[in-house]
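Data first, discussion second: the structure below is written as structure tokens.
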Amino acid sequence: MAKLRPEDLDKITERMKKVMSLREGSGRAKITIHMGTCGISAGARKIMSAVIECVSELDTGDIIITSSGCAGLCSKEPMMTVELEGQAPVKYIDLTEEKVNKIFTEHVMGGKIVADYALAIGSEQAL
Amino acid sequence: MKKSRMHLMLCAGTGCVSNGSFRIKADLEQELGKHELQDEIAVVMTGCNGFCAQGPVMVVQPDNIFYQLLSEKDIPHLVEEHFLKGRPVKRLMYTPSLEKAPVPKMSEIDFFEKQRLIALRNRGMIDPEKIEEAIARGGYRALARALTSMTSQEIIQTVKDSGLRGRGGAGFPTGRKWESAASHHSKEKYIICNADEGDPGAFMDRSIIESDPHSVLEGMAIAGKAVGAGQGYIYIRTEYPLALQRLNLAIKQAMEYGLLGHDILGTGFDFDISVFRGAGAFVCGESSALRASIQGDPPEPFSKQVHATEKGLWEKPTVLNNVETLAIVPEIIKRGAGWFSQIGTETSKGTKVFALVGKVRNTGLVEVPMGITLREIIFDIGGGMENGKAFKAVQTGGPSGGCIPASLLDLPIDYERLTEVGSMMGSGGMIVMDEDNCMVDVARYFLEFLRSESCGKCTACREGVDAMYRIVTDICDGKGNQGDIQLLEELSQAVKDGSLCQLGATASNPVLSTLRYFKDEYETHINEQRCPAGVCRALITYTIDAEKCNACLLCVKNCPQQAISGEKGKPQTIDQEKCIKCGVCRDVCRSEAVTVQ
Ligand SMILES: Cc1cc2nc3c(=O)[nH]c(=O)nc-3n(C[C@H](O)[C@H](O)[C@H](O)COP(=O)(O)O)c2cc1C
């Protein structure tokens, strides 16, 4: 193992950020996938994998992925909620892997809500 | 690398490990595998979480959900419900009392809410066996700063300005100790970390090492730079296997990264750390005995006419600091003296870790700002008395400390105030006692401990503590004499005057403080041969109240002496000849018919 220089401490911190930000519960964006029985049978597991895929590729370390129970709209599953820091949560419905990719690039990364897939803005109680 | 979406921070402190956290880990991994969640969800073994009473405990991040009292049978349900389907399991959450709802988030549990973490800043947040995680939480930044942009004088001045005082007992200002060692010229100097932790019931230092060993190593290296020392020793008892293992691993990792050893961070500063294992004698925590022990001599204290900072280990300038003291140092260097000194009271700055144990609902490890009251610690953080009994006293400061009564519950805690009321800060033990504790018996317990831990070098301590023990034991046995109290007071003074080290000098504190606040209990034992708390066996009798007894025969079945008998369906009676006063009958009785007098 190479001996560190002072500046290497920051590099390690940067590299570890995605691990640590998760534990500190802090992040620029929080993505919640609804994993009730209804969600799972409608394919929520695939959606979860797709989200993890997107986040892993980008490697930014400031996005938190979490799951929650049924959101009460079983017919519109699979669903997920995207919440950018300081903004109201947005719920996306009838998801597919392609939709996830688009939401990820445009909303999570670009900050622009994908209105076509969204249910309603801000109708959500804090999750 | 795939990103995990969830981290299960499972406590692997000594308490939780003995309650089976490694078995829980195996089951979690197996169940996660069943649902193919193993790549999405990571199980992380952390150091002591602090809430030991509820162990094994686990915190689920990023949502901060706290689970407690986990057992293997809970795991399949938990994994499916929460980790797969996202529905946190209420049944496994902390519930403050029967009437209240479970509290899902750790940060909202009363036990954690009032704590302020400095020494324990990384507890439960990192895997202590991975140095990268410590670094990611800010580890070794203070050392980098100390080595690249601070002079020794600046480091010492910062520590002095912060007001940091030793956490090992005496509360000596850390900056002044360093300054003194820095002022003596010598090619060799030593930094020793005191991890002996001999006080009964204390586990602060063990937990710091188990949860964040790098904080201690970093503090030692900073001390080394400040005083000009190139070698450090950690004196730790062999009874701490988990702490030892994590410490050795941490040293190895820090060496590999060049954060210890030769040419640290490329700055030209060298600092090595060796671990020295002690055999667990209480006196070995005392500074001069500890040095003797490292040198291979019998661990006996010697007279300190010359300060260790001038002639310490191997006659070289030496700084001895406690684990917690050293763990705090990096935060002071990083955040500044002003940040630290605004926490606490006039004379005592920062926070202190306490091991909260005894008859309190939430036992565990708590870190609180100096100046907090005993009441806040015991009733807010500790959740109040167990089983709704009345608070009687709290013992602080270990065997050198004393018992503080209910009338002083609103005392803000700092070094001076605790000493004023006849106790002391000590290393941070805090034993809560209720109406069922006999204060004479408590004094007897500590005397018994000190009597066997006295090294025997000074006659006053060796014979005097033993004499006090015998007198107090006689009082507990109902053989106390008029004049015993006065004799105890005189002996206390003699032992104090005639002992070299603080073990002897403070040995009478448990007696003196109980005499100060609970003299009536001593008098009742001596004059009336009665133990008001119903503890001292020679002075109590168990009887069955015929009015309350419903002849369920539970006591009869449980009595180990077959001392209880009676007609079927009628109230039972205890044969006093056979009774050994173990109290089992009272414990099992459901109608409170067994009384003790
Ligand atoms: C009998 C006895 C036992 C002691 N045990 C410990 C101990 O286990 N850990 C500790 O840090 N200090 C212990 N001390 C206090 C040490 O002598 C010393 O004051 C302390 O380690 C200095 O570090 P600090 O200034 O950082 O507190 C003990 C003192 C006495 C008299």
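The chains referred to below are lettered A, B, ... by the order of the sequence lines, with proteins before strands, and numbering in each begins at 1.
- The number of heavy-atom neighbours closer than 6.0 Å to NZ of B:Lys334, taken from other residues, nucleotides and ligands shown, is above 12.
- Minimum interatomic distance between B:Gly86 and A:Ser67 (heavy atoms only, all atoms of both residues): CA-OG, 3.4 Å.
- Proximity to chain B is absent for every atom of A:Asp8, based on heavy atoms less than 4.5 angstrom apart.
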- For B:Arg5 and A:Ile52, run side-chain contact (heavy atoms from CB on, under 4.5 Å): C-alpha distance rounded to whole Å, both residues' side-chain angles, the deciding distance at 0.1 Å, then the answer. CA-CA 7 Å; B:Arg5 62 175 168 95; A:Ile52 291 177; 4.2 Å; yes
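- With a threshold of 4.5 angstrom between heavy atoms, B:Val44 approaches chain A through side-chain atoms but not through N, CA, C or O.
- A donor-acceptor pair under 3.5 Å links the side-chain atoms of A:Lys3 to the main chain of B:Met255, judged by distance alone.
- A:Thr13 and B:Arg141 are linked by a side-chain donor-acceptor pair at a separation below 3.5 angstrom, with hydrogens and angles left out of the test.
- Using a 4.5 Å cut-off between heavy atoms, A:Leu4 contacts chain B through both its backbone and its side chain.
- Contact annotation: the side chain of A:Met20 never approaches that of B:Glu132 to less than 4.5 Å [non-hydrogen atoms, C-beta and beyond].
- With a 4.5 angstrom heavy-atom cutoff, B:Ala136 touches chain A via backbone and side-chain atoms both.
- In this structure, no portion of B:Asn64 lies under 4.5 Å from any heavy atom of chain A.
- Of the two parts of B:Glu36, the backbone and the side chain both hold a non-hydrogen atom closer than 4.5 Å to a non-hydrogen atom of chain A.
- The main-chain N or O of A:Met35 is never found under 3.5 Å from a side-chain atom of B:Arg87 such that the two would form a donor-acceptor pair.
- Looking only at heavy-atom pairs under 4.5 Å with chain B, the residue among A:Met48, A:Arg15, A:Glu7 that has the most is A:Met48.
- The contact between B:Ile126 and chain A is made by backbone and side chain atoms together, counting heavy-atom distances below 4.5 Å.
- A donor-acceptor pair is defined here as one N or O able to donate and one able to accept, closer than 3.5 Å; such a pair exists between the side chain of A:Arg23 and the backbone of B:Met125.
- Side chains of A:Arg5 and B:Thr267 form no contact here, defined as non-hydrogen atoms less than 4.5 Å apart.
- Considering only heavy-atom pairs separated by less than 4.5 Å from chain A, the leading option among B:Glu133, B:His82, B:Arg137 is B:Glu133.
- How far CG of B:Leu265 is from CG of A:Leu9: 6.0 Å, rounded to the nearest 0.5 Å.
- Considering every non-hydrogen atom in both A:Pro6 and B:Thr148, the closest pair reads CG-CG2, 3.8 Å.
- Looking at B:Leu147, neither its backbone nor its side chain comes within 4.5 Å of chain A, counting heavy atoms on both sides.
- In this structure, B:Met6 and A:Ile65 have side chains that are not in contact, with every pair of non-hydrogen atoms separated by 4.5 Å or more.
- Separation of atoms OG1 (A:Thr66) and CD1 (B:Ile65) is listed at 8.5 Å; rounding is to 0.5 Å.
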Item to check | Derivation and outcome, side-chain contact (heavy atoms from CB on, under 4.5 Å), residues B:Lys85 and A:Ser68 | outcome: CA-CA 7 Å; B:Lys85 296 186 177 168; A:Ser68 81; over 6 Å; no
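- Contacts between B:Leu259 and chain A at a heavy-atom distance below 4.5 Å involve the side chain alone, from C-beta outward.
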